[in-house]
Amino acid sequence: MHVTGTVPPPAPEPRETPAAPDHTTPADPAPGNGRHARRFGLPVATALVMGNIIGGGIFLLPASVAPFGTISLLAFGVLTVGAIALALVFGRLAARDPRTGGPYVYARGAFGDFAGFLAAWAYWITTWVSNAALAVAAVGYLDVLIPVNDHRWTACLAALVVQWLPALANFAGTRWVGAVQLVSTVLKFAPLLLVAVGGLFFFDADNLGPFNASGSGGIGAVSAAAAILLFSYLGVESAAVSAGEVKDPRRTVGRATVIGTAGAALVYLLGTLSVFGTVAHDRLVTSDTPFSDAVNSMFGGAWGGWAVALAALVSMTGCLNGWTLLSAQTPYAAARDGLFPAAFARKRRGVPTTGVGVTVVLASLLTVYNYTSGSAKVFEVLVLVTTFTATVPYLLATAAQIFHLVSGQGEKVDRARLVRDGIAASVAAAFSLWLVAGAGYAAVYQGVLFLFAGVLVYAVMAARRRRAETSNAP
């Protein structure tokens, strides 16, 4: 994924203390003045969005939706509209409040501390559980190149290494995070574009199979395919969450979010279409390696498996690099407001190092538990729960945008864009609710329990802050 060199540390930053609630704070303090702390420009911010949206799942997507037929391409189109609407909402919210924290900042600014805490808590759970899942999945691709799955402890060690390398890049500073993210995004898109674009030259319509192979009506087939594809778009909020580390965030966050989301959607759509056209439908529905089969069909031989496994590893480790940063950014923003423990507000080299450390330790413990339990059932349930918890900050952020639009606050609403912003917010709200529905009853049930556990944490933090305010009162 990325290996960091040994570098002399910059002068230590002053420790930041949690600020009193202030919904009007215009921006974060500078992320650091060391040479390893650097604000992200548009290219890196866009790479962060694209890299976090596109993980390793894309390499299985064509086979996952093939049983529904080519009608599943319509589901891609519908979901892309919803994802871009959500991207527009995040862009508008970031233009109003360009602080680190994204959905947390927007929810707290509109609805107060409790809503902000729920957004931060749900997002934090999503990131560290998802990181563990991503690392375990990456080991499956690594096993194609280096046998590691023969013994569970070897596989466990490999999964831990895959998690800790991105953490080390984050500890090294935002400069390293941005460099790794940009390089990994370029490296993983090279093979993806090879199939997505090159496959069009080998396209054979006879391979497509039936338009609707699901056996149900058109709307039912699109909805069923969309339920599988929904979570492929998680990560659209990436630039907004790291707004405090982005250059000119009022402009850059919105542009990076829309460009990154649209770019990821284009790769998804073209890649799936090319695989559909190069691999026979009856073979594709049972394939475990659709992109490998496409490469082998295009160029012959059997080297496609190695090439795609390597691309998947680069893709997933790059994704882990970005998600590791995001896992610390939201707790950092909440800690500055006294809603998370103060330790999460500490930064070095532009990175909230305590948040990175706690997150990678929790993800590592979950990974070890996965391998020692002898069953992935509990682990899979937790991963499924994150598909629900991820939608909580989306819904709260979208609700914040609707609140600003409906309340007509002159300083927060651009009258010339009112209609466009209203349409985008409505579509984003529908998309977020669709995500909740797609998570399934079990995930929603378990996810609500996770949220209620957060309510207890909020009670403790709120009480501590109230006591501090009382003791400091004149």
Side-chain angles (χ1 to χ4, degrees), residues 54-80 137-138 140-145 149 188-233 264-313 315-316 376 380 384 387 438 440:
I54 299 179
I58 186 175
F59 296 97
L60 294 175
L61 274 182
S64 299
V65 297
F68 302 101
T70 51
I71 196 173
S72 57
L73 298 176
L74 294 180
F76 268 117
V78 173
L79 291 175
T80 298
Y141 290 104
L142 178 64
D143 190 61
V144 176
L145 306 174
N149 272 336
K188 78 178 177 183
F189 273 100
L192 287 174
L193 290 176
L194 171 66
V195 175
V197 178
L200 299 178
F201 294 95
F202 297 86
F203 194 89
D204 184 351
D206 292 337
N207 289 326
L208 293 177
F211 176 69
N212 183 358
S214 67
S216 60
I219 295 178
V222 170
S223 298
I228 294 175
L229 300 171
L230 277 172
F231 309 110
S232 300
Y233 285 88
L266 183 62
V267 172
Y268 278 154
L269 185 59
L270 285 181
T272 302
L273 179 62
S274 292
V275 173
F276 275 11
T278 53
V279 182
H281 180 262
D282 58 348
R283 181 181 168 202
L284 182 60
V285 294
T286 60
S287 175
D288 293 325
T289 55
F291 271 78
S292 296
D293 294 340
V295 171
N296 291 337
S297 297
M298 291 162 57
F299 303 109
W303 55 274
W306 281 65
V308 171
L310 182 59
L313 269 176
S315 178
M316 298 176 83
E380 289 171 358
L384 186 60
T387 61

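Position 1 is the first residue of the sequence; numbering continues from there.
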Show your working on side-chain contact (heavy atoms from CB on, under 4.5 Å) between Ser315 and Ile54 and close with a plain yes or no.
-> CA-CA 7 Å; Ser315 178; Ile54 299 179; 4.2 Å; yes

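- At distances below 3.5 Å, not a single donor-acceptor pair connects side-chain atoms of His281 with backbone N or O atoms of Phe276.
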Evaluate the criterion side-chain contact (heavy atoms from CB on, under 4.5 Å) for residue pair Leu273 and Phe76; output intermediate values, then yes/no.
-> CA-CA 11 Å; Leu273 179 62; Phe76 268 117; over 6 Å; no

Run the numbers on Leu142 and Leu313 for side-chain contact (heavy atoms from CB on, under 4.5 Å), then give the verdict.
-> CA-CA 7 Å; Leu142 178 64; Leu313 269 176; 3.8 Å; yes

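- Considering OG of Ser64 and CG of Leu229, their distance stands at 8.0 Å, rounded to 0.5 Å.
- The shortest heavy-atom contact between Leu73 and Thr272 is CD2-CG2, 4.0 Å.
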Could you go through the side-chain contact (heavy atoms from CB on, under 4.5 Å) check for Val222 and Phe68 one step at a time?
-> CA-CA 8 Å; Val222 170; Phe68 302 101; over 6 Å; no

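- Between Leu284 and Pro290, the shortest heavy-atom distance links the atoms CD1-CB, 3.7 Å.
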What do the steps show when you test Tyr233 against Thr80 for side chain to side chain donor-acceptor pair (under 3.5 Å), and what is the final call?
-> CA-CA 8 Å; Tyr233 285 88; Thr80 298; 2.8 Å; yes

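- Within the structure, the salt bridge (charged side-chain N to carboxylate O under 4.0 Å, His left out) test picks out no pair touching residues 204-233 (sequence neighbours left out).
- Atom CE of Met298 sits about 9.5 Å away from atom CZ of Phe201, to the nearest 0.5 Å.
- Across all non-hydrogen atoms, the minimal contact from Ala225 to Ala75 is CB-CB, 4.0 Å.
- Among all heavy-atom pairs drawn from Ile71 and Ala221, the shortest one is CG2-CB, 3.9 Å.
- The structure places CG of Asn207 at 9.5 Å from CZ of Arg283, a figure rounded to the nearest 0.5 Å.
- A pairwise comparison of heavy atoms in Met316 and Ala138 identifies CE-N, 3.5 Å as the closest pair.
- Of the inter-residue distances, the one linking Leu61 atom CG with Leu269 atom CG reads 11.5 Å to the nearest 0.5 angstrom.
- Here the CZ-OG distance, from Phe291 to Ser274, works out to 8.0 Å after rounding to the nearest 0.5 Å.
- The distance from the CG atom of Leu270 to the CG atom of Leu193 is 8.5 Å, given to the nearest 0.5 Å.
- Nearest heavy-atom pair, Val195 versus Ala294, reported as atom, atom and distance to 0.1 Å: CG1-CB, 4.3 Å.
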